[in-house]
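Protein chains get the first letters and strands the later ones, always in sequence-line order, with residue 1 at the start of each.
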Number of protein chains: 2
Amino acid sequence: MHDPLPSLPGYSLRRAANATAAELSARLGEIGLRQVDASVLILIGENPDTTASALGRQLDIQRANMVPLLKKLEDAEWIDRNPLDGKSQGLVLTPQGQDTRDAALAIIETFENELLERIPPQHRAHLLPALDALWR
Amino acid sequence: MHDPLPSLPGYSLRRAANATAAELSARLGEIGLRQVDASVLILIGENPDTTASALGRQLDIQRANMVPLLKKLEDAEWIDRNPLDGKSQGLVLTPQGQDTRDAALAIIETFENELLERIPPQHRAHLLPALDALWR
DNA sequence: AGCGATTGTTATTGCTCATAGCAATCCTTA
DNA sequence: TAAGGATTGCTATGAGCAATAACAATCGCT
């Protein structure tokens with residue numbers, strides 16, 4: 001079948017993102033995580049006592065949708081909530097949460113390295129700056 | 001907030017794809033199309049009398065999910081179905097379908113050019129080959 | 001002290017995708 | 001040529017995800 005779509009960078013961007021996301025999701029799924037879960041665990045680890053709203057802003061996730069997401073992490077005993085004042089609650093990793101984050105980081109780093117290895121060396125260093133220009 | 005995620009190509013790939021997809025979707029939405037709809041119209045235009053199954057294989061869409069998709073295009077009178085034999089049906093663009101496809105192509109080409117312009121010139125030519133290596 | 005902004009939350013909706021199953025038809029091959 | 005596996009189009013259904021609206025409680029600026 002004749003298909004002109006793959007010659008379009010925007011289209012290839014979508015296809016590449018879907019394909020790679022499916023792979024990473026499968027691997028993270030083995031430790032009970034989705035990509036968003038891993039992102040949130042990593043961000044909380046880097047920013048102890050950050051709030052749900054701040055996380056949502058950083059990850060472009062609506063406040064309302066953070067609720068079931070954080071509930072899952074809390075039910076798994078990966079995060080704890082500390083009241084910061086009468087309104088906000090700071091989020092921190094539990095010890096098990098740190099372990100899970102470390103496992104996620106290991107999976108992600110392996111995955112990222114494999115991604116880079118797939119790219120012909122002369123293009124490799126250009127991917128990240130090109131992508132950054134598209135969304136940052 | 002400290003955020004190590006954007007330094008990961010895989011993460012930036014997902015974010016860039018989401019951001020650009022949202023933009024393109026908004027523009028295509030103005031003529032009543034989603035990205036998939038546009039893709040299908042373009043592919044049918046390039047491959048008259050192709051079948052729903054073949055389209056699904058090319059675009060990685062399940063056969064079952066092609067049904068409502070094609071029904072929408074047919075209800076809009078953008079495509080017609082020709083029985084090829086007792087089982088398969090060839091898909092073709094109606095004249096209005098060709099107009100809609102042309103409009104979609106114009107939007108997409110404008111969009112793709114804008115994407116490329118956002119990328120610093122020294123990285124520009126590397127994006128497509130790098131992406132292709134990730135999913136093809 | 002007052003008031004707009006923010007936080008966390010509930011509830012709801014639409015959309016997309018995956019799965020399973022089915023009847024009809026095909027195409028290969030024995 | 002008859003049989004059997006593969007293919008096609010389709011229905012029905014369910015899970016998952018994101019967007020929206022609304023709300024009470026609280027914060028923080030003026």
Give a yes or no answer on whether the side chain of [X] reaches the backbone of [Y] with a donor-acceptor pair at less than 3.5 Å.
| X | Y | answer |
| --- | --- | --- |
| Arg118(B) | Leu134(A) | yes |
| Thr94(A) | Glu77(A) | yes |
| Ser12(B) | Pro6(B) | yes |
| Ser88(A) | Asp85(A) | no |

Let me know the distance between [atom1] of [X] and [atom2] of [N], rounded to the nearest Å.
| X | N | atom1 | atom2 | value |
| --- | --- | --- | --- | --- |
| Gln62(B) | dA12(D) | CD | P | 19 Å |
| Leu59(B) | dT16(C) | CG | P | 15 Å |
| Arg63(A) | dC23(D) | CZ | P | 15 Å |
| Arg57(B) | dA6(D) | CZ | C1' | 12 Å |
| Met66(B) | dT11(D) | CE | C1' | 16 Å |
| Asn65(B) | dG16(D) | CG | C1' | 14 Å |
| Arg81(A) | dG8(C) | CZ | P | 9 Å |
| Lys71(B) | dA12(D) | NZ | P | 13 Å |

Candidate nucleotides [options], ranked by approach to the side chain of [X] - the nearest:
| X | options | result |
| --- | --- | --- |
| Lys87(A) | dC27(D), dG9(D), dG8(C) | dC27(D) |
| Gln89(B) | dT20(D), dC17(C), dG9(D) | dG9(D) |
| Ser88(B) | dG8(C), dT8(D), dA18(C) | dT8(D) |
| Ala64(A) | dT9(C), dA18(D), dC10(D) | dT9(C) |
| Ser53(A) | dC10(D), dT7(C), dC26(C) | dT7(C) |

Considering only heavy atoms, which members of residues 28-47 of chain B lie under 4.0 Å from some atom of DNA chain D?
none
Whether His126(A) and His126(B) hold their rings parallel, tilted or perpendicular, with breakpoints at 30° and 60°:
parallel
Taking the side chain as C-beta and beyond, is there a heavy-atom pair between Ile42(B) and Ile108(B) under 4.5 Å?
yes
Of Asp85(A) and Asp60(A), the one whose closest nucleotide on DNA chain D sits nearer the 5' end is Asp60(A)
Quiz: residues 30-37 of chain B side-chain donor-acceptor pairs under 3.5 angstrom, not counting sequence neighbours:
residue, atom, partner, partner atom, Å
Arg34(B), NE, Asp37(B), OD2, 3.1
Arg34(B), NH2, Asp37(B), OD1, 3.0
Gln35(B), OE1, Arg14(A), NE, 2.9
Gln35(B), NE2, Ala21(B), O, 3.2
Gln35(B), NE2, Ser25(B), OG, 3.1
Asp37(B), OD2, Arg34(B), N, 2.9
Asp37(B), OD2, Lys72(B), NZ, 2.5

